[in-house]
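Down below is the structure, laid out as structure tokens.
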Amino acid sequence: MPRLQRRLCLSCPTRQSCLTRALETRSVGYWAGTTTADRAGLAGVDGPLLPLLDARQDQLARAAAAAAAADRAKALHPVGEGNLWWYRRRGCRCAECRAANAAHRAAERARAGSRTKVAA
């Protein structure tokens, strides 16, 4: 969830009415600091919803931060130096190296596609 949007929504005085409206109309998107998936999990829940949602989002943020820290810990190189060489030659599977591999593969597909169009 976008951090800026969440921070804006957390300080909004009409957040509760926004959430109520989103639940009543089954709106899609980002409303009252919640995503569509967050609101889908509220079916049949009674009582104040905002504290429940805020606690759930905080828990998800902590889990994402822990996963990112674990990913950084298993990297075979210093932070910021992940690249295709580390991915292919050294077997590093951190997020940086996977992203470098994905970008390289996308560029290969784009080059292959442009060669096919020119040849046709």
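Any value given below was found using the heavy atoms of this structure, including those in side chains, with hydrogens, waters and symmetry copies removed. By convention here, the first residue in the shown sequence is residue 1.
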Distance col, row W31:CH2 vs C9:SG, nearest 0.5 angstrom, shows 10.5 Å
Between L19 and T34, what is the shortest heavy-atom contact and its length? CD1-OG1, 4.1 Å
What residues form a side-chain contact (heavy atoms from CB on, under 4.5 Å) with T25, not counting sequence neighbours? R21, S27
Per-pair distances, 0.1 Å, donor-acceptor, side chain in residues 83-101, under 3.5 Å, sequence neighbours excluded:
unit_1	atom_1	unit_2	atom_2	d
N83	OD1	W85	N	3.0
N83	OD1	W86	N	3.0
R93	NH1	Y87	O	2.7
E96	OE1	G80	N	3.2
E96	OE1	E81	N	3.3
E96	OE1	G82	N	3.0
E96	OE2	G80	N	3.0
R98	NH1	R93	O	2.4

Test item: R39 side-chain N/O and L23 main-chain N/O as donor-acceptor pair under 3.5 Å: no
Between C18 and A32 the two heavy atoms that sit nearest each other are SG-N, 3.6 Å
Going by the side-chain hydrogen bond (donor to acceptor under 3.5 Å, both in side chains) test, which pairs reach into residues 59-80, not counting sequence neighbours? none
The side-chain contact (heavy atoms from CB on, under 4.5 Å) partners of T20 (sequence neighbours excluded) come to Q16, E24
Checking R109 now: which residues fulfil side-chain contact (heavy atoms from CB on, under 4.5 Å) with it, not counting sequence neighbours? R105, A106
Under the 4.5 Å side-chain heavy-atom rule for ILVMFWY, direct or indirect, which residues accompany L10? none
